[in-house]
There are 4 protein chains.
Amino acid sequence: MEHNSQNGDAKERIIHSALSLFAQKGFDATRVSEIAKKAGVTKALIYYYFTGKDEILSHLIHSLLEKAASITLDFIHTGIMRLVKEGLPEVQPDRLHFVDEGGTKKFLKSLHDYYERVVDFVIENRQILRIFLAESLKSKKGKNGLSQLLDYIRFGKDKSSACGSDFRYTDDMVLFKLFFSVIPLLTFAAYFDDYKIISSLPASALRASFLQSLQVITLSLFSGRDILLRNNAERGT
Amino acid sequence: MEHNSQNGDAKERIIHSALSLFAQKGFDATRVSEIAKKAGVTKALIYYYFTGKDEILSHLIHSLLEKAASITLDFIHTGIMRLVKEGLPEVQPDRLHFVDEGGTKKFLKSLHDYYERVVDFVIENRQILRIFLAESLKSKKGKNGLSQLLDYIRFGKDKSSACGSDFRYTDDMVLFKLFFSVIPLLTFAAYFDDYKIISSLPASALRASFLQSLQVITLSLFSGRDILLRNNAERGT
Amino acid sequence: MEHNSQNGDAKERIIHSALSLFAQKGFDATRVSEIAKKAGVTKALIYYYFTGKDEILSHLIHSLLEKAASITLDFIHTGIMRLVKEGLPEVQPDRLHFVDEGGTKKFLKSLHDYYERVVDFVIENRQILRIFLAESLKSKKGKNGLSQLLDYIRFGKDKSSACGSDFRYTDDMVLFKLFFSVIPLLTFAAYFDDYKIISSLPASALRASFLQSLQVITLSLFSGRDILLRNNAERGT
Amino acid sequence: MEHNSQNGDAKERIIHSALSLFAQKGFDATRVSEIAKKAGVTKALIYYYFTGKDEILSHLIHSLLEKAASITLDFIHTGIMRLVKEGLPEVQPDRLHFVDEGGTKKFLKSLHDYYERVVDFVIENRQILRIFLAESLKSKKGKNGLSQLLDYIRFGKDKSSACGSDFRYTDDMVLFKLFFSVIPLLTFAAYFDDYKIISSLPASALRASFLQSLQVITLSLFSGRDILLRNNAERGT
DNA sequence: AATGAATGAGTATTCATTCAT
DNA sequence: AATGAATGAATACTCATTCAT
């Protein structure tokens, strides 16, 4: 009943209503009629703009992935590539080697900026992410969310963006990044509101705390002035 | 149609069928009739044993928690305590300090054994975990899965075991453990089958790779002979 | 999608699209949106030209009847009458009697020409006829197609043309003409395209074959030089 | 609302209700809820017994065809085959030749009995036939009613019933039988009730009149003591 | 312990139709 | 003449659940 009424055009209202309902009760449990009511439109109009409930979800996820891609690409270009061109890190088969302390610092700064942007992005889009995660847990045949995530990890979705160097992550590294960077990031966003309530901490504190954790993880990949691209921790220590 | 037929009694077959279907398609999307068909029983019999679909889910989650009790998820408490009693690590306000190399080694060995047990446990129970995760993403009012997880982290399962020492994790540390240990662990299990297919790696390789990643994370908390209980990475580096 | 596009004005395109769709899938099963798509116009335009789907159907049936007027379906009246006036067949209460062979021949020739015209007419208008037949099978209250057909048989289209002679077909004869001449004719047209495909025969062969069958039927009413107007086959043989 | 209520089991009531509604208003225009109401059951029960509205129709038509097949087969075996075995008609490539008047009489008697049974059958099943005809006019892709009819004509559905002699109808003869025997028969039944009202004749009179017309058609295939299996009327007379 | 029959309350989706522009 | 947006009223179909046996 929260008619944003004549506020914004109908299609937008449908999308936003669907988003918040999906995130709140889950995709399956959300009724088309609820979306309609919340958007202040008739059910029929929903079917005028979308072929069905599924298509609303696709639309939501699609536009999320597009936004995400642009952030990542931006970092790769303005962050890493710029530094590489300046010759600061040497690209070696299994690592980036920084010739001096300054390079390391600069890189870490750039990385931290990127992390901040990413964390802000996922917090902002936590609703869709929650849906995305929930849906990825339902293994319908074919591409489920997981494989989309992996595509992202192995060079940001757009394969044509083969940014100069052509190193490939090892299987170990992919798994590490998936379960100890990407998934934490997504679940952090997905559970953000719940966690805030349970922990009684303010949003800003959560954000800072999570960012710091990300730093720890990043530093764990550092070895002196090298940043490992392969996971070399001696196995079975 | 995979009637395990007269193999095992009906109730068990119902539970197993529900388990695998919930894990596969999600709770909402699983039809009681599907469970019945897969279990080789009639729908009515399901209602003879359970009050409804919800009760099957409760039963599943319940049995997960019971199984969890069989493994010491609160190793940190019991494992560490044992060592502490032996006087190996000194408990300091913000860290465990190992007096010698031997202590460190012993501790790490002990930790690694624990990790192996935990990873095997979650892999074994990956189906229920998948359901658990999926359901925790639906914020129905009241206790969702997340707060249960936090309880585990903060106190170990058994609250009464607040034995002896009274250190409390910092908020930072709780968040870190949740999003960079527990969640990775659970999602690793939940996505295990999917990931195996997508990555084309054998189960054993995934297991080893994940265990190694856990080690990396653990080591990142080490600082010489100390294991930090608070996340001290200089903020805002 | 077969936009005849700017080819012909919109109204015509709507009519033609509706015609072919009604004939193909039936009136009920044809969606206004399908007509619009096929005609290359918007749904709204259809409502600009017609008050609704029903009116398109009325228009179609109406135009069938108008076309029918262009051919002398009441040949029996006009054709025969002409010959009668020439004194060729003697009109007797229950039959036409031909005084000589020449009259018979002339009559048969005339009849065959008529049949050809009629068959060509129905083939040409097979789509509307198909719709007409299909609709006549739905017994909505009131005049359905059947009574219109009977009117044709009994009086020729134009009731006022009850010219001169006043013979009336017997009930037997009306039934015979309906089910063994008119209906075969209409169904032949209605099923023409289907039958062509199923039988793998060319259109011309079907036409010839059907015309020949009509001849057989006609001859069956002949008895020497008489053409029976009543069905005299000794009953209950 | 005509609950035959506890009269007969539910499935039968559903079938009968559907039958009469389909025949009355057409398949498309009949609502599942109407069937349910008329049968005195809930909609859901209809879906318990049938997969959908379509399946009810299939069931109806299927059982009609089965009944029809048994009548035809019966005639072929007890009627024709018996006479052939008695040697009465000689089977020739393009005709049956009767050696004497007695044979002809006997055959005609047998044929007339068959016609009576068939006509009674179609009148009795006029409702389903009406549906069948109406549906056959909608050319959905694949087997429509027409091809089923043709299969019947070319040796009664069951091809394995290759009753001794192996003559094949000519294309002309098939077309003739379809449009001047089978279709008249079916439409006669389909329009029976309407026609009775319009013509104001009693059912018995219609039946007799139609039977007589069938006789006329049959006789038109006779040529002295031969019954033609091919249509030999000299073309283009 | 087990089931076939039965149902109430949805639920997504459709579609002819309208209307402001 | 033409249309994109919008809708009310259906409608086929679903599904968790019940119950008599």
Side-chain angles (χ1 to χ4, degrees), chain A residues 6 9-11 13-14 27-36 39-56, chain B residues 6 9-11 13-14 27-37 39-57, chain C residues 6 9-11 13-14 27-37 39-57, chain D residues 6 9-11 13-14 27-36 39-56:
Chain A
Q6 259 49 37
D9 64 343
K11 191 173 180 183
R13 293 207 308 282
I14 292 167
F27 177 77
D28 289 319
T30 298
R31 306 298 153 211
V32 176
S33 57
E34 293 174 318
I35 301 172
V41 300
T42 55
K43 263 191 299 181
L45 193 65
I46 292 180
Y47 289 94
Y48 177 73
Y49 286 115
F50 301 93
T51 59
K53 215 169 73 164
D54 287 322
E55 213 201 45
I56 306 181
Chain B
Q6 259 48 38
D9 64 343
K11 191 172 181 182
R13 293 207 309 280
I14 291 167
F27 177 76
D28 289 321
T30 299
R31 308 298 156 210
V32 175
S33 57
E34 291 174 318
I35 300 173
K37 191 189 281 183
V41 301
T42 56
K43 265 187 302 180
L45 192 64
I46 291 180
Y47 287 91
Y48 178 77
Y49 286 116
F50 300 92
T51 61
K53 212 168 75 159
D54 287 321
E55 211 202 45
I56 307 181
L57 179 61
Chain C
Q6 259 48 38
D9 65 342
K11 190 171 181 183
R13 293 208 308 280
I14 291 167
F27 177 76
D28 289 322
T30 298
R31 308 298 156 211
V32 174
S33 57
E34 292 174 317
I35 300 173
K37 191 190 282 181
V41 300
T42 56
K43 265 189 300 180
L45 192 64
I46 292 179
Y47 288 90
Y48 178 75
Y49 285 117
F50 300 93
T51 60
K53 211 169 74 160
D54 286 321
E55 211 202 43
I56 307 182
L57 179 61
Chain D
Q6 259 49 36
D9 64 342
K11 191 173 180 182
R13 292 208 309 281
I14 291 167
F27 177 77
D28 290 319
T30 299
R31 307 296 153 213
V32 176
S33 58
E34 292 174 318
I35 300 173
V41 300
T42 54
K43 261 190 302 181
L45 192 64
I46 292 180
Y47 289 94
Y48 176 72
Y49 285 115
F50 300 93
T51 57
K53 216 169 70 164
D54 285 324
E55 211 200 48
I56 307 181

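Residue numbers begin at 1 in each chain, while the letters A, B, ... track the order of the sequences. The analysis underlying the following values was restricted to heavy atoms, covering all of them including side chains, and did not include hydrogens, waters or symmetry mates. As the structure is a prediction and not an experimental result, all values here were calculated from the model.
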Among [options], find the nucleotide with the atom closest to the side chain of [X].
X: A44(D); options: dG4(E), dA2(E), dC15(F); value: dC15(F)
X: K43(B); options: dA5(F), dA6(E), dA2(F); value: dA6(E)
X: K53(C); options: dT17(F), dA16(E), dA12(E); value: dA16(E)
X: R31(D); options: dA2(E), dT7(E), dT11(F); value: dT11(F)

Measuring from [X]:[atom1] to [Y]:[atom2], what's the distance to the nearest 0.5 Å?
X: I35(C); Y: L45(C); atom1: CD1; atom2: CG; answer: 12.5 Å
X: Y47(C); Y: I14(C); atom1: OH; atom2: CD1; answer: 11.0 Å
X: R13(B); Y: I46(B); atom1: CZ; atom2: CD1; answer: 10.5 Å
X: F27(D); Y: D54(D); atom1: CZ; atom2: CG; answer: 4.5 Å

Strictly below 4.0 Å: does [X] bring a side-chain N or O up to OP1 or OP2 of [N]?
X: Y47(D); N: dC13(F); result: yes
X: Y48(C); N: dA2(F); result: no
X: Y49(C); N: dA2(F); result: yes

- Within 45 degrees of the axis of the six-membered ring of F50(B) and under 6.0 Å from its centre: does K11(B) put its NZ or CZ there?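 Judged by the rule, K11(B) and F50(B) form a cation-pi pair.
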Whole angstrom is fine here: how far is it from [atom1] in [X] over to [atom2] in [N]?
X: D28(A); N: dG10(E); atom1: CG; atom2: C1'; result: 15 Å
X: F50(B); N: dC15(F); atom1: CZ; atom2: P; result: 21 Å
X: I35(A); N: dT11(E); atom1: CD1; atom2: P; result: 13 Å
X: L45(D); N: dC13(F); atom1: CG; atom2: P; result: 15 Å

Margin query: Taking the nucleotide of DNA chain F with the nearest heavy atom to each, does T51(B) or I46(C) sit closer to the 5' end?
Written below: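 Looking at DNA chain F, the more 5' nearest nucleotide goes with I46(C).
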Residue pair K11(C)/V32(D) against DNA chain F: nearer the 5' end by closest nucleotide is K11(C)
Scanning all shown strands, the Watson-Crick or wobble mate of dT21(E) with both distances under 3.5 Å is dA2(F)
Does dT11(F) have a Watson-Crick or wobble partner in any strand here, with both distances under 3.5 angstrom, and which is it?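 dT11(F) is paired with dA12(E).
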Result for 5'-nearest mapping on DNA chain E, choosing between G52(C) and S33(A), is S33(A)
